[in-house]
Amino acid sequence: MTLPPSTLSSSTAPLVSVRNLKRRYEIGESEFLALRGVSLDIREGEFVALMGPSGSGKTTLMHLIGLLDRPSGGQYLLGGRDVTDLSENERAEARNREIGFVFQAFHLLPRMNLRENVEVPLLYAGLPPRERTERAMTLLGKVGLESKAANLPSQISGGQKQRVAIARALAAEPRLLLADEPTGNLDSHTSEEVMALFHELHAEGRTLIVVTHEPDIGAHAERVVRVRDGQVESDVTQGRPSVAGEGVWPSR
Ligand SMILES: Nc1ncnc2c1ncn2[C@@H]1O[C@H](COP(=O)(O)OP(=O)(O)O)[C@@H](O)[C@H]1O
Ligand SMILES: [Mg+2]
């Protein structure tokens with residue numbers, strides 16, 4: 001299969017590097033600083049849980065890292081490339097190529113079957129139909145849902161929907177997988193299944209950032225970044241604080 005090549009440099013730069021990142025929201029006449037200067041490096045292959053109370057800025061930060069939004073201040077390097085001030089189109093292009101998203105509410109397209117849902121990012125990537133279908137079926141197999149490929153989203157459970165959403169997020173082979181409260185709509189048993197899938201992806205060397213306010217979920221990650229009031233409160237890797245700019249152990 002041929003997908004457009006990544007424009008990220010292959011140097012040893014962190015995959016995600018943000019410095020003093022700010023996001024200000026205008027609310028009528030007043031404004032609110034949702035991110036107050038966040039600095040963070042995330043290396044290829046890391047599995048990071050982004051935690052913190054509701055309203056602390058997790059989603060805002062994830063949207064900036066995912067190039068769904070642009071910062072009000074600070075700098076963002078994605079794979080060594082400065083993406084702070086990209087145009088709308090450039091951001092969309094970089095996003096489609098480099099980033100896969102998983103959301104709390106799944107966001108599957110209701111009138112498309114599961115295979116077609118997984119194929120959506122491959123349409124953007126310009127893959128021919130046969131290769132799209134092959135790849136979608138492989139990914140559905142990976143998440144254990146090959147036999148349901150022709151079903152509609154309304155015909156499967158919440159946990160299954162999230163697994164389809166993960167397959168879709170992986171379709172275009174992104175360098176970075178972002179998940180915002182991916183288990184927020186799931187019961188604890190199904191949550192564990194989804195987390196097991198994230199573990200598997202991490203073991204394959206993928207880079208994952210999972211936003212969650214559930215400690216059980218955070219315990220699955222090898223690094224926990226806590227956000228409070230729009231700032232990084234703590235950043236702990238496997239029980240030890242990680243030093244900014246320090247190289248992270250090789251992935252398994
Ligand atoms: N579009 C917006 N306009 C105004 N305020 C916003 C907007 N989005 C988020 N906020 C505010 O920014 C803060 C952080 O929100 P968010 O990033 O969604 O937090 P979290 O994901 O940690 O719950 C909250 O106080 C929220 O009310
Ligand atoms: Mg949120």
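Counting starts at 1 for both ligands and their atoms, in listed order.
- One N or O on the side chain of K58 and one on the backbone of P53 form a donor-acceptor pair closer than 3.5 Å.
- The distance from atom CG of L197 to atom CD1 of I166, rounded to the nearest 0.5 Å, is 4.5 Å.
- Ion pairing of E93 with R97 is present here, as a side-chain N (NZ or NE/NH1/NH2) and a carboxylate O approach within less than 4.0 Å.
- Residue E26 has no nitrogen or oxygen atom sitting less than 3.5 Å from a nitrogen or oxygen atom of ligand 1, judged on distance alone.
- Atom numbering of ligand 1 starts at 1 in the shown order; those under 4.0 Å from a heavy atom of P53 are 22 (O).
- By the 3.5 Å distance cut-off applied to N or O atoms, G55 is counted among the residues near ligand 1.
- Atom 17 (O) of ligand 1 has as its closest protein heavy atom T60 OG1, 2.6 Å.
- Protein heavy atoms come within 4.0 Å of atom 19 (O) of ligand 1.
- For atom 25 (O) of ligand 1, the closest non-hydrogen atom on the protein side is F32 CE2, 3.4 Å.
- Nearest approach of F47 to A221, heavy atoms of both residues: O-CB, 3.5 Å.
- H213 pairs by the ring-ring contact (aromatic ring centres under 6.0 Å, His included) definition with nothing, not counting sequence neighbours.
- Side-chain atoms of S17 and D41 include a donor-acceptor pair closer than 3.5 Å.
- In this structure, the protein non-hydrogen atom closest to atom 4 (C) of ligand 1 is Y25 CB, 3.4 Å.
- For atom 13 (C) of ligand 1, the protein comes within 4.0 Å by at least one heavy atom.
- The number of heavy atoms from other shown groups lying within 6.0 Å of CZ (R91) is above 12.
- Remark: side-chain polar atoms of E98 are not paired, donor with acceptor, to backbone N or O of R95 under 3.5 angstrom.
- Clustering ILVMFWY residues whenever any of their side-chain heavy atoms sit less than 4.5 angstrom apart, transitively, puts F101 in the very cluster that holds V48.
- T237 and E222 form no side-chain donor-acceptor contact under 3.5 Å, judged by distance and modelled atom types alone.
- Remark: ligand 1 and I27 share no N or O pair separated by less than 3.5 Å (distance only, no angle test).
- Protein atoms of type N, O or S found under 2.8 Å from the Mg ion (ligand 2) total 1.
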